[in-house]
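Notes follow the structure.
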Amino acid sequence: MQYTINVRGQLIDLSRPMVMGILNATPDSFYSGSRKQTEAEIADRANQIIAEGGRIIDVGAFSTRPGADVVSMEEETARLKHALQIVRREQPDAIVSVDTYRPLVARRCVEEFGADIINDVSEGGLTGIVGQAIHEEGDMFEIVARLGVPYILMSVQPTLEKMMLGFAEEVQRLHSLGAKDIILDPGYGFGKTLEQNYEIMKHSECLLELGLPVLVGISRKSMIYKLLGGDPTTSLNGTTVLNTISLQKGASILRVHDVKEAVEATLLLQQF
């Protein structure tokens, strides 16, 4: 599928899959290896993502894993300001996304801190932390449309049928508001059982019927180690297998902790 997104006035071609590297400016993300808080840690991680072939740096400051501590909007904003300023200093030409479900935080990150893409795990406000409803100021869809930036819309629905119906309605509303560059994320691990995660992945090529690029984020998630045993630290091999399957089913972006391995998977698949 031929897709492009407009990032700061530049058309980015997604006909060849891209890798998004995760940079968590948090003390409690589910994979300890991704936690970066000091200036040196953030700078090193941003540089590592680009050096290993990643095209997008995804910066988050609020863990949405089950049982995570609630972080105030003020604290999340401060963490993101700190991290994004360092990322922009180190990698001024990189594409930077901000991982937040708070509309007002997203707006400030784009307008003031240099983010290019909004990555929203709440499906436009349905949920924030897993299993908890959210009540945030502002409307994410309206802010996305006003800012004119690419938007990653992640589903929290448990089945492909409900996901497709939800996406269709949400994309229609986004388009009616003037939003243009929408990327779909099936939301593996969010609102889904182990079996539902794999059932959705088995038929995930159906998402392409909506005519939009698809992002897959399954890196080191529990759907891997709950099936195979182990924990996030032992789940790189499973991550690579599922990333490869997702690429074969049409994914345009892989969101990962392990950039080098994901980039290698995309390059190898291009030979077939």
Could you grab the distance from atom [atom1] of [X] to atom [atom2] of [Y], nearest 0.5 Å is fine?
X: M18; Y: I56; atom1: CE; atom2: CD1; answer: 4.0 Å
X: D44; Y: E41; atom1: CG; atom2: CD; answer: 8.0 Å
X: H257; Y: L23; atom1: NE2; atom2: CG; answer: 10.5 Å
X: F62; Y: T77; atom1: CZ; atom2: OG1; answer: 11.5 Å
X: D258; Y: S219; atom1: CG; atom2: OG; answer: 5.5 Å
X: M140; Y: E123; atom1: CE; atom2: CD; answer: 12.5 Å

Backbone N/O of [Y] and side chain of [X]: donor-acceptor pair under 3.5 Å:
X: T234; Y: G230; result: no
X: D58; Y: I22; result: no
X: R220; Y: T233; result: yes
X: S235; Y: G238; result: no
X: R108; Y: E112; result: no
X: R55; Y: V19; result: no
X: K249; Y: K202; result: yes
X: E199; Y: Q196; result: no
X: K221; Y: G217; result: yes
X: K81; Y: F113; result: no

Grouping I, L, V, M, F, W and Y whenever their side-chain heavy atoms are under 4.5 Å apart, do [X] and [Y] come out in a common cluster?
X: L208; Y: L165; value: no
X: V241; Y: M223; value: yes
X: L14; Y: L269; value: yes
X: I118; Y: L177; value: yes
X: L267; Y: L236; value: no

Any heavy-atom pair between the side chains of [Y] and [X] that's under 4.5 Å?
X: S252; Y: V214; value: no
X: L242; Y: I245; value: yes
X: M73; Y: V105; value: yes
X: V98; Y: N119; value: no
X: L254; Y: M20; value: no
X: I42; Y: T38; value: no
X: K192; Y: Q157; value: no
X: P186; Y: M163; value: yes

Taking atom types as modelled, find out whether [X] and [Y] have a side-chain donor-acceptor pair closer than 3.5 angstrom.
X: R88; Y: Q85; value: no
X: T4; Y: D13; value: no
X: D181; Y: Y151; value: no

Work out which heavy atom in [X] is nearest to a heavy atom in [Y]; give both atom names and the distance.
X: A179; Y: V144; value: CB-CG1, 4.3 Å
X: M154; Y: F167; value: C-CE2, 4.4 Å
X: A43; Y: R89; value: CB-NH2, 4.1 Å
X: A265; Y: T244; value: CB-OG1, 4.0 Å
X: T26; Y: G60; value: CG2-O, 4.0 Å
X: P17; Y: T266; value: CB-CG2, 4.2 Å

Worked verdict on C206 versus L160 for side chain to side chain contact (heavy atoms under 4.5 Å, CB included):
CA-CA 8 Å; C206 294; L160 189 61; 3.9 Å; yes
Using 4.0 Å as the upper bound for N to carboxylate O, is an ion pair formed by [Y] and [X]?
X: D139; Y: R173; answer: yes
X: K260; Y: E264; answer: yes
X: R79; Y: E75; answer: yes

Tell me whether E111 at atom CD has more than 12 heavy atoms from other residues, nucleotides or ligands lying less than 6.0 Å away.
yes
So with a 6.0 Å cut-off around CD of Q10, is the heavy-atom count from everything else above 12?
no
Among L84, D99, I86, which one satisfies side chain to side chain contact (heavy atoms under 4.5 Å, CB included) with V59?
L84
Option among I183, L184, V121, L212 that satisfies the side chain to side chain contact (heavy atoms under 4.5 Å, CB included) test with L153
L184
Between E76 and T100, does the side-chain hydrogen bond (donor to acceptor under 3.5 Å, both in side chains) criterion hold? Intermediate values first, please.
CA-CA 9 Å; E76 184 188 15; T100 183; 2.8 Å; yes
Tell me, with the steps shown, if Y188 and S204 meet side chain to side chain contact (heavy atoms under 4.5 Å, CB included).
CA-CA 11 Å; Y188 294 114; S204 59; 3.7 Å; yes
With side chain to side chain contact (heavy atoms under 4.5 Å, CB included) as the criterion, how do N243 and I218 come out once you've worked through the C-alpha distance, each side chain's angles and the decisive distance to 0.1 Å?
CA-CA 7 Å; N243 277 337; I218 47 82; 3.3 Å; yes
Could you give me the CA-CA distance, side-chain angles and deciding distance for S122 and D120, then say whether side-chain hydrogen bond (donor to acceptor under 3.5 Å, both in side chains) is met?
CA-CA 6 Å; S122 76; D120 174 18; 2.7 Å; yes
Can you list the steps and then say if H175 with K180 is a side chain to side chain contact (heavy atoms under 4.5 Å, CB included)?
CA-CA 6 Å; H175 282 160; K180 294 180 174 62; 5.9 Å; no
